[in-house]
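One structure is given here, and the rest of the page talks about it.
Any value given below was found using the heavy atoms of this structure, including those in side chains, with hydrogens, waters and symmetry copies removed.
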2 protein chains.
Amino acid sequence: MKLITRNTDYAMRALCYIARQRERSVPVPEMVAALKIPRPFLRKIVQTLGREGVLRSSKGQGGGFLLALKPEDVRLADLVRIFQGTIQLNECIFKKKICPNRGTCALKREIDGIERDALARLHKVTIASLIRNGKHHD
Amino acid sequence: MKLITRNTDYAMRALCYIARQRERSVPVPEMVAALKIPRPFLRKIVQTLGREGVLRSSKGQGGGFLLALKPEDVRLADLVRIFQGTIQLNECIFKKKICPNRGTCALKREIDGIERDALARLHKVTIASLIRNGKHHD
DNA sequence: ACAAATGATACCAATAAGGTATCATTATGG
DNA sequence: CCATAATGATACCTTATTGGTATCATTTGT
Ligand code: FES
Ligand code: FES
């Protein structure tokens, strides 16, 4: 199983790169060259980040992307939510009906606890902490 | 994202059911009726558990499955490994070559830590703990 | 006007998840 | 010793998710 997908990973790389450029507006072609991510795929990713309010974009010559938030406010947990949806148990459906045992289910309780912990830790990882604690991806 | 898949969930249900039957050999049709899991799918799952040494099987009339281990030694972490493979980061491949930055990658360090924690918790959840701590699935 | 950028969106391919089906083998009871 | 009830092995199918591409429209600086 995979805890984070490629979307999320690439987004993290791109955001780290953008953060290191300070207030410069960074165009996609530059990121493609620096990060070796396929251009159309990276474009889709940063567009999504724009819609989600993580990046601000400007069009036209000299345009590009820059952080909409402070690096310490961009959290891995948010990226996971954006690209992978909220973490959830198998959600225990039986023929489209929601499970009637949710209240007493011991397994659900355990899994929920593990998920909460994981999310809390993902929440602590920020762009700022990554670019501080050694290099990420070149 | 999903932390455990349906395979794993169903396996857990079946194992809990079998554990509650003590030393009785439990045939698949009985589990199908009790757990409402599609027969061929459940069959595949318990066969896998047999190969993996979690269940012992006997053929012929009166045959079926029973636990090969003590309920407190059947761990959710093992089922996750069996049905979902080992947990891993995006594993950072670039054109089939293993990533050269693994040593210094801050993101990898963080994710690895989160995975280790999650695995440790999955390791603590056993069939015994589930059937003790309230009902799971009917 | 033109070039360089993003916005929106539709599409496609590969992989994984979820599920079915079939035939062979083994054991038990009558 | 045969019918029956079970598992073993394995191949197959369907759907969802992931990963990735392509196209056209719009905006903006020179
Ligand atoms: S593991 Fe390859 S750059 Fe992080
Ligand atoms: S949540 Fe439905 S039985 Fe566990």
Side-chain angles (χ1 to χ4, degrees), chain A residues 1-11 13-14 18 24-33 36-53 55-66 68 80 82-88 90-96, chain B residues 1-11 14 18 24-33 36-66 68 80 82-88 90-96:
Chain A
M1 72 174 300
K2 252 176 317 197
L3 198 52
I4 72 172
T5 69
R6 210 165 286 204
N7 270 338
T8 307
D9 187 21
Y10 285 169
R13 301 193 201 198
I18 293 170
R24 245 187 77 228
S25 196
V26 185
V28 167
E30 177 184 334
M31 292 192 259
V32 167
K36 312 278 206 296
I37 297 170
R39 178 163 43 153
F41 195 21
L42 180 56
R43 255 168 66 68
K44 193 162 74 166
I45 290 170
V46 290
Q47 276 189 19
T48 300
L49 291 173
R51 273 195 299 272
E52 295 285 337
L55 289 176
R56 280 195 331 243
S57 66
S58 48
K59 292 188 190 175
Q61 268 185 342
F65 294 87
L66 44 77
V80 167
I82 289 170
F83 292 107
Q84 305 174 221
T86 43
I87 297 186
Q88 60 183 351
N90 184 8
E91 105 242 359
C92 197
I93 37 163
F94 178 57
K95 306 250 185 198
K96 315 291 186 200
Chain B
M1 71 176 301
K2 252 176 317 197
L3 197 52
I4 72 172
T5 70
R6 210 166 286 205
N7 270 338
T8 308
D9 187 21
Y10 285 170
I18 292 170
R24 246 188 74 229
S25 196
V26 184
V28 166
E30 177 184 334
M31 291 192 260
V32 167
K36 314 276 206 295
I37 297 170
R39 179 164 40 153
F41 196 22
L42 179 56
R43 254 168 68 68
K44 194 162 73 167
I45 289 169
V46 290
Q47 276 189 20
T48 301
L49 291 173
R51 272 195 300 272
E52 295 286 337
V54 179
L55 289 174
R56 279 195 332 242
S57 66
S58 47
K59 292 188 190 177
Q61 268 186 340
F65 293 87
L66 44 75
V80 168
I82 290 170
F83 292 107
Q84 307 174 221
T86 42
I87 298 185
Q88 60 183 353
N90 184 10
E91 105 242 356
C92 198
I93 37 163
F94 178 58
K95 307 248 185 202
K96 314 293 186 198

Looking at every strand, decide which applies to B:Gly50 at a 4.0 Å heavy-atom threshold: base, sugar-phosphate, or nothing. nothing
Applying side-chain contact (heavy atoms from CB on, under 4.5 Å), run through B:Leu49 and B:Phe83 and close with a yes or a no. CA-CA 10 Å; B:Leu49 291 173; B:Phe83 292 107; 3.9 Å; yes
Contact summary for B:Leu66 and B:Ile18, nearest pair of heavy atoms: CA-CG2, 3.8 Å
Taking only residues two or more places apart in sequence, or in another chain, which ones meet A:Gln84 in a side-chain contact (heavy atoms from CB on, under 4.5 Å)? A:Ile4, A:Thr5, A:Thr8, A:Val80, B:Met1
Rounded to whole Å, the CD1-P distance (A:Ile4 to D:dT18) equals 13 Å
Whole-Å distance between C:dT6 P and A:Lys44 NZ? 16 Å
Does any non-hydrogen side-chain atom of B:Met31 lie less than 4.5 Å from one of B:Val26? yes
If you apply the rule side-chain contact (heavy atoms from CB on, under 4.5 Å), what do you find for B:Val46 with B:Tyr10, and how did you get there? CA-CA 10 Å; B:Val46 290; B:Tyr10 285 170; over 6 Å; no
Does C:dA5 have its OP1 or OP2 closer than 4.0 Å to a side-chain nitrogen or oxygen of A:Ser57? no
Between CD of B:Gln84 and C1' of C:dT15 the distance, given in whole Å, is 16 Å
Five-pair end axes of the helix from C:dA1-D:dT30 to C:dG30-D:dC1, angle between them (10°): 0°
Assign A:Val46 to base, sugar-phosphate, or nothing according to its heavy-atom contacts below 4.0 angstrom with the strands shown. nothing
Output the distance between atom CD1 (A:Ile82) and atom CD1 (A:Ile45), rounded to the nearest 0.5 Å. 11.5 Å
Does the side chain of B:Lys2 get closer than 4.0 angstrom to OP1 or OP2 of D:dT18 through an N or O atom? no
Using atom names, set out every protein N or O paired with an N or O of nucleotides 28-30 of chain C below 3.5 Å, distance rounded to 0.1 Å.
{"residue": "C:dT28", "atom": "O2", "partner": "B:Gln61", "partner atom": "OE1", "Å": "3.1"}
{"residue": "C:dG29", "atom": "O4'", "partner": "B:Gln61", "partner atom": "OE1", "Å": "3.3"}

When rounded to whole Å, the CZ to P distance for the pair B:Phe83 and C:dG19 reads 13 Å
Taking only residues two or more places apart in sequence, or in another chain, which ones meet A:Ser58 in a side-chain contact (heavy atoms from CB on, under 4.5 Å)? A:Ser25
Examine D:dT27: is either OP1 or OP2 under 4.0 Å from a nitrogen or oxygen in the side chain of A:Ser58? Give yes or no. no
N/O donor-acceptor pair, side chain A:Arg51 with base C:dG7, under 3.5 angstrom: no
Pick base, sugar-phosphate or nothing for B:Pro38, based on heavy-atom distances below 4.0 Å to the nucleic acid. sugar-phosphate
A:Leu42 CG to D:dG20 P, straight-line distance once rounded to whole Å: 12 Å
Mind calculating the distance between CG (B:Asn7) and P (C:dT20) to the nearest angstrom? 13 Å
Nucleotide D:dG8, atom P - distance to CD of B:Gln47 in whole Å: 5 Å
Excluding sequence neighbours, so at least two apart, what forms salt bridge (charged side-chain N to carboxylate O under 4.0 Å, His left out) with B:Arg39? none
Think A:Arg43 has a side-chain N or O under 4.0 angstrom from the OP1 or OP2 of D:dT21? no
List in chain and number order the residues that pass salt bridge (charged side-chain N to carboxylate O under 4.0 Å, His left out) with B:Glu30, two or more places apart in sequence or in another chain; answer none if no residue qualifies. B:Arg24
If I take atom CZ in residue B:Phe65 and atom P in nucleotide C:dA27, what distance separates them, rounded to the nearest angstrom? 14 Å
Are B:Thr5 and C:dA16 close enough that a side-chain N or O sits under 4.0 Å from OP1 or OP2? no
CG of A:Leu55 to OG1 of A:Thr48: how many Å apart, nearest 0.5 Å? 10.0 Å
